[in-house]
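First up is the structure itself, then whatever we jot down about it.
Chain A is the first sequence line, chain B the second, and so forth, proteins listed ahead of strands; every chain is numbered from 1. Just so it is clear, the structure is predicted and the values come from calculations on it, not from any experiment.
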Amino acid sequence: MYNTNAMLMLETGVYFKGKIFGHIGETSGEVIFNTGLVGYEEILTDPSYKGQIVVMTYPHIGNYGITYYDFESIEPQVEGFVVSEFSKICSNWQAKHNIEFLFKKYKIVGLENVDTRALTKYIRTKGAMRGIISTETDLKKLYEKVQKVPSIIGQDLVKKVTCKEVYEPFKQKSKDDIITFALTKNPFVDVEERKPEYNVVVVDCGCKYNILRWLKKVGCNLIVVPADTSFEKILSFSPDGVFFSNGPGDPEGVPYVFKTLEKLISYSINNKKYLPIFGICLGCQMMGLAFGGKTYKLKFGHHGINHPVKNFETQKIEITSQNHNFAVEIEEIEGKFYVKGNKELVVTHINLNDYSCEGIEHKSLPIFSVQYHPESAPGPNDSKYLFEKFVKLMEKAKNAKT
Amino acid sequence: MPKRKDIKKILIIGSGPIVIGQACEFDYSGTQAIKALKKEGYKVVLANSNPATIMTDPEFADATYIEPLIPEVLERIIEKERPDALLPTLGGQTGLNLAVKLYEMGILEKYNVELIGAKVDAIRRGEDRKLFKETMAKIGLDLPKSGFAYSLDEAINVAKEVGFPLIIRPSFTLGGTGSKIVFNEEEFVESAKNALQSSMISEILIEEYLNGWKEYELEVMRDCKDNCVIVCTIENFDPMGVHTGDSITVAPAQTLTNKEYQRMRDMAFKCIRAVGVETGGSNIQFAVHPETGRIVIIEMNPRVSRSSALASKATGFPIAKIAALLAVGYTLDEIPNDITKKTPACFEPTIDYVVVKIPKFAFEKFRPVSKDGKKDYSYQILGSQMKSIGEVMAIGRTFKEALQKALRGLEIGRSGLDTETIIEQSINFNEEKKQELFKNIEFKLRNPCRERIFNIKYALMLGKKIEEIYELSGIDKWFINQIKEIVDFEKEVLNLKNKKDTKEFVKTINDAKSYGFSDKQLAKLLSTTEDKIVQFRIKNCIIPNYKVVDTCAAEFESYTPYFYSTYDGVLSKNNFSILKKNDFISCFNESLDYHKNKDKVIVLGSGPNRIGQGIEFDYCCVHAVMSIREEGLEAIMVNCNPETVSTDYDTADKLYFEPITFEDVYNIYKTEEEIAKKTKTKLLGLILQFGGQTPLNISKKLKSYGVKVLGTQPECIALAEDRELFAKVLKKLKLPYPEHGYARSYKEALKIVQQIGYPVIVRPSYVLGGRAMEVIYDEHSLKEYLSELFDNSTITKDTSDVVIIDKFLEDAVELDVDAVCDGKDIFIAGIMEHIEAAGVHSGDSACVIPPISLTTQQINVVYKYVGSLSKELKVKGLMNLQLAIKDGVIYVLEVNPRASRTVPYVSKSIGLPIAKVATKVMLGYKIKDLLEKYNFSQEKILNIGYYTVKEVVLPFQKFADVDIVLSPEMRSTGEVMGIDKTFPLAYAKSQFAAGSNIPINGKILFSLNDKDKQKGLKIAKEFYTLGFQLVATAGTAEFFVKHGIECQKVNKLSEGRPNIVDIISNQEVQLVINTPTGKGKSFSDGFLIRRTATINNIPIITTLEAAKSVIESIKELKKSYNVVNQKLSFEILPLQKWFKTKI
């Protein structure tokens, strides 16, 4: 009504007309949908969405505005954002700005007045695909353009979102207010913070702030390093544990990360220094690859905050936050699940919707990871115990040393 | 964990009659649970006193007891059936309270019955406010400041600590009865007294009043392995202060950030774990401070609730069914999600639409008796005690669309968020008048009331800012802004007037539709007709898309045929791909792909519950659907009431959750027609005679648009409804009817009355409205009655604009007859004889099957009447007659050629589902063949070998200062049935079931009007002979003594204390017999006697006919009274056995 006409064209030639919201411009990427009812601020700023145009299935987006507490990285990361209706006002005591302000400031192209359910249904049926949001009215031209959008497969998107240099998140005063604000002022879940006891190196493939917040909460002293940091450099910080973060895109596009992980593991085994390693999301895929497993692309990925995951150890269900397009291949042997090709890697968690891999653990080494997001943001707090588990492993390893 | 094998038989307690705060949602939950448990191989025993429920259909449970829901009876059921377990969480507050009672009485232990779902400790922790608070405080959840009190003194102390304003809540009550918000000490004392009285355990909670805080509800499920999920979040549009049952509510929550929501979610899990609800669903309420974000927990229901029903319908997650399965040991991951089939039930539904629920009120029926003759609006102001009697739910892709759909589905004469004429005219108002209007609007923004939603719109139209409206109402700015967007868009529509036939016109109309504007609304804005808009839409392909409610926002394929309409994507659906047009059009209109390749029949439901149109009609619709499915056809249900069984996604083959308006129904019809065409099947037509008045109102228009109507045709139904035309029919058929006339002025009325003589029964037409039907005995009352009508409205020549005056047949015996006709043969399914004489609305009157005083000859006359009327009206399907017998003549009072309120009662009485039979007749079957099939005959009906009595329940406890006298205006909300070998016993059961505890000894207070004294004497004598002590005021007492009956005299109000009201308040009498004088419009003794008895829950009888029946019942009850343990012993039998009784 008030904004410029535009459309989202998919690589199949299917298009959805709408109105541009926020930054007026053109943008492209892989189109995926997210089914969360809340948490758009976290989604917008989650580095794992690099290279993607996110379609929100819930029609009203922006209702509670932008708080900046809930930033998951220094800035919005999505390539584009498609909704049914953006809220023109925001209503929440924490809101600093409305969503339009944010989109303009960070030049995010939003598209509204789209039947996002029809679009979602289409993607579900056909699979995630490339798309372009543009004000171009010539359908043919746009169709040609969308064919040229690079595929996400094999791409290294991590390099776009990893930190440029080593930093200690809660110690250094950041040049950017947002980092300080988002990292330290976030109104937290009611958990008491512990004294920092363990040095953890975080390999940043696009790490979400809430992972850092939680690691700190459970007593970790954090050193965040760029994704391409060598394993020697990592060891030079004499860590009590190493963490491999979430990140965007195809795990096979970042061989340097899982090679580093491989080396850390061999080092650990060879020197009998059992260094605890924890991975989340891309970190989980890295672990699968490092142990000789394989990953594959899911049809339309998992993006939402309501996925049931079964923990084989407790036999309980966790409702989890998910955001990934790739998963580790697994196989069932005598009623038990393992990473395909390596019986040393036991599957600890499984997705009850499609029985895909959600968590793996080494039989004897203190190495584990989950495919979903225990740090949530957005999403439920059902799986915070994993951070505790990491700390306990470090505690055990430390005690063994002394 | 697999299901439990140590349990074989499960007892379920229903929620009894429909009352405010407990409606058909518990029929939905009970029915789902019974179905699920039966499927798992359990034997199910059901106790419920409400015959109008689907759950009490004999084919559902293994043993169905339609018996009073009182501990004595339940003990008998347990003794007889020996269930292994009792599932108490599906029968509302009634079921839960009874379970606790049975536990406390040691009955569960005695018969070794295990409580499943929730144990007594958990129920107590959830229900007892004190225990709840302690439990929550222990786990560190934030609560409002508060304190408990057990006496007035204590209460005052606590109030001082908490500070004003505060809210008083009595423990263990239903629908917030007795809760009150008070602002000062004076108000406080009065309210605290009442609250202490209304609490079962004389305990009240005095609490910080969270005025203006945002209110949320979370529906939580938990299984025996402690897996917890949230099914749905609900945000109240009306902030704290209004009972959630009376609030407009929205799903999902709209204005919480992720972190706020997750905190609330964590709190909900902590709560359900601490309370200890082992398995099943709970509803947990929270309040959030709008400026600080402080979250406090308000309360929890450790059971399935009204909100669960809403959450279930809003998300597609069958809470009651899952709760039942969890109770027998399954875990969430073992139960598949019916909707996706592939994914398990242990997930959290996510939705991609907005759900709006709006309550429906019936204030016009409960006007308080005025203290000083002034009009008082305060009884319409909403507070912590629930007053609504029904609700409507609507689904749209946006809040705007859902809100407007809900408003037009509410059937309050509005076609959406439209504008009253006075607001439109206000441009021309002078300053003074404008100020008055503003004041009125501000009042309604500040004081929650049913018109508040419209007044937000008016305020915006008249230039008020969002901020100001927020300050006045406390309603979240996001919601107000949504309304503002509707207001702004209205202007765009108005701008269209000079842009006809442009592309922009089409686009704007489409956008307006996606903002939820109805055709009627648009017609009004564009100064044209609804028909023109419909034609325009069809021409331009602006026909809604139907989307699926699938629990997963389209992430997985879904199989559940549960749809809502939206205009989202309508303009895209014909043009969305540059390559060849593929078949993905069903991405837009998903309904097109869902069909069963069978011929189809559409059934229209009855919309939101209201007085006179409630669960009975939903029962009929569900039966129609079952009958259609039995015939191998595809049954398509349309309804918008979330409480019902008809809107369960597995009741019909296909469900459209849509308002019952012409526009919405016609759109569905067109879509189904298209599907039929595509699949080479037939759309056989629409059944609308089961949905009460709602579908009938649109029947003529639908027919004029070529919609096929099955059964009796709309014009025949209309003929019977138009009293002037119908009188001609009766005249033609030579059937007697009371003399009558139609008045358009006081003068005309007088003339008619002079002709026919007093007493008369008067009723205004719908157009005039506002006044209830009344019996009038003299000119003075007539004048008073008519003055309000004729003074306040402009009389037009419109024929419907009249007052109908009938001769009132005093002391006549009234009959209700339900029959099925196939165009040739008739079948009288039930003749009901009313207990109360004519003059009490048939819906408020108790009645008995079979009739107790009719002769065979009279029955033959009834048969003849039905025959000739059904032929004349060409009835195909159900027909209801209301007849009156006076001086041996049978008069026809009213005929309704459609399903009546009594259909379920009749069906449960005779053991034949007559709505199903009627449906089959509409589909072409002959009555003769059907009776043969069901092994029934007309003779069998007239000799069933037992008696059933229907009694009603009235909501007077919820409306202060309303006189409880029965009148021609229907005011009951629900019904119960008593069944036994004799009439007195069946009647007694009906009274117990309705909550009226007939005493078998003690004191009776008589207060008779002069007219009734003579007749009352005989009754008094009988009571006296039965050993009762009599009490009366001077006049009556002296009269009794004079005639040799001992009677104690008591003071009238004017004669000093203790007076007549005192002895009722002090519970010194066990029964009150009071026949009203005049109309009880003032604060007379009679009025206060009736009110006091009602508040104190002392049975009160207001007609002598009822008193006679009570005497008969007492005589019978005395026979089986156990003097030793002072207990009545009831003989009970399940319905299944009654139906097999040999004659």
Contact class of [X] relative to chain B, heavy atoms under 4.5 angstrom:
| X | result |
| --- | --- |
| A:Met9 | side chain |
| A:Tyr355 | neither |
| A:Glu318 | neither |
| A:Phe16 | side chain |
| A:Val309 | neither |
| A:Thr320 | neither |

Of the listed residues ([options]), which shares the most heavy-atom pairs with chain A below a 4.5 Å separation?
| options | value |
| --- | --- |
| B:Gln482, B:Lys214, B:Lys507 | B:Gln482 |
| B:Lys342, B:Glu557, B:His289 | B:Glu557 |
| B:Ile230, B:Thr508, B:Leu256 | B:Leu256 |
| B:Leu571, B:Val288, B:Val354, B:Val570 | B:Val354 |
| B:Ser572, B:Gly140, B:Pro290 | B:Pro290 |

Could you tell me whether [X] atom [atom1] has more than 12 heavy atoms of other residues or ligands within 6.0 Å of it?
| X | atom1 | value |
| --- | --- | --- |
| A:Lys96 | NZ | yes |
| A:Lys141 | NZ | no |
| A:Gln315 | CD | yes |

Region of [X] in contact with chain A, defined by heavy-atom distances below 4.5 Å:
| X | value |
| --- | --- |
| B:Arg265 | side chain |
| B:Ser514 | neither |
| B:Phe479 | neither |
| B:Leu332 | neither |
| B:Val548 | both |

If you measure only the distance, is there a donor-acceptor pair under 3.5 Å linking the side chains of [X] and [Y]?
| X | Y | value |
| --- | --- | --- |
| A:Asn381 | B:Gln262 | no |
| A:Tyr40 | B:Asn258 | no |
| B:Asp476 | A:Ser91 | yes |

Could you check whether [X] pairs with [Y] (Lys NZ or Arg NE/NH1/NH2 to Asp/Glu carboxylate O, under 4.0 Å)?
| X | Y | result |
| --- | --- | --- |
| A:Glu85 | B:Lys400 | yes |
| B:Asp352 | A:Lys121 | no |
| A:Lys310 | B:Asp333 | yes |

*Qualifying residue for side-chain hydrogen bond (donor to acceptor under 3.5 Å, both in side chains) with A:Lys316, from B:Asp223, B:Asn227, B:Asp226*: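 Of all the options given, the one that passes is B:Asp226.
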
Main-chain N/O of [Y] paired with [X] side-chain donor or acceptor, under 3.5 Å:
| X | Y | value |
| --- | --- | --- |
| A:Asn92 | B:Thr255 | yes |
| A:His60 | B:Gln254 | no |
| A:Arg124 | B:Phe556 | yes |
| B:Thr350 | A:Thr35 | yes |

Atom pair [atom1] ([X]) and [atom2] ([Y]), whose distance is rounded to the nearest 0.5 Å:
| X | Y | atom1 | atom2 | result |
| --- | --- | --- | --- | --- |
| A:Trp93 | B:Glu260 | CH2 | CD | 6.0 Å |
| A:Leu142 | B:Ile578 | CG | CD1 | 8.5 Å |
| B:Phe588 | A:Asp115 | CZ | CG | 6.0 Å |
| B:Thr343 | A:Asn306 | OG1 | CG | 9.5 Å |
| B:Tyr261 | A:Ile305 | OH | CD1 | 7.0 Å |
| A:Thr120 | B:Glu555 | OG1 | CD | 9.5 Å |

*Full working for side-chain contact (heavy atoms from CB on, under 4.5 Å) between B:Glu348 and A:Leu37*: CA-CA 11 Å; B:Glu348 300 197 337; A:Leu37 296 172; over 6 Å; no

Name the option with the most non-hydrogen atom pairs under 4.5 Å to chain B; the candidates are [options].
| options | answer |
| --- | --- |
| A:Leu119, A:Ile89, A:Thr125, A:Leu139 | A:Ile89 |
| A:Pro378, A:Cys90, A:Gly39, A:Ser87 | A:Pro378 |
| A:Ile319, A:Thr12, A:Thr116, A:Thr314 | A:Ile319 |
| A:His303, A:Met56, A:Glu42 | A:Glu42 |

*For the residue pair B:Cys346 and A:Pro308, what are the closest heavy atoms and their distance?*
O-CB, 2.9 Å

*For residues A:Tyr64 and B:Thr257, report the shortest heavy-atom separation together with the two atoms involved.*
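Closest heavy-atom pair between A:Tyr64 and B:Thr257: CD1-CG2, 3.4 Å.
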
_Walk me through whether B:Asp550 and A:Arg117 qualify under salt bridge (charged side-chain N to carboxylate O under 4.0 Å, His left out)._
CA-CA 11 Å; B:Asp550 64 3; A:Arg117 182 176 170 89; 2.9 Å; yes

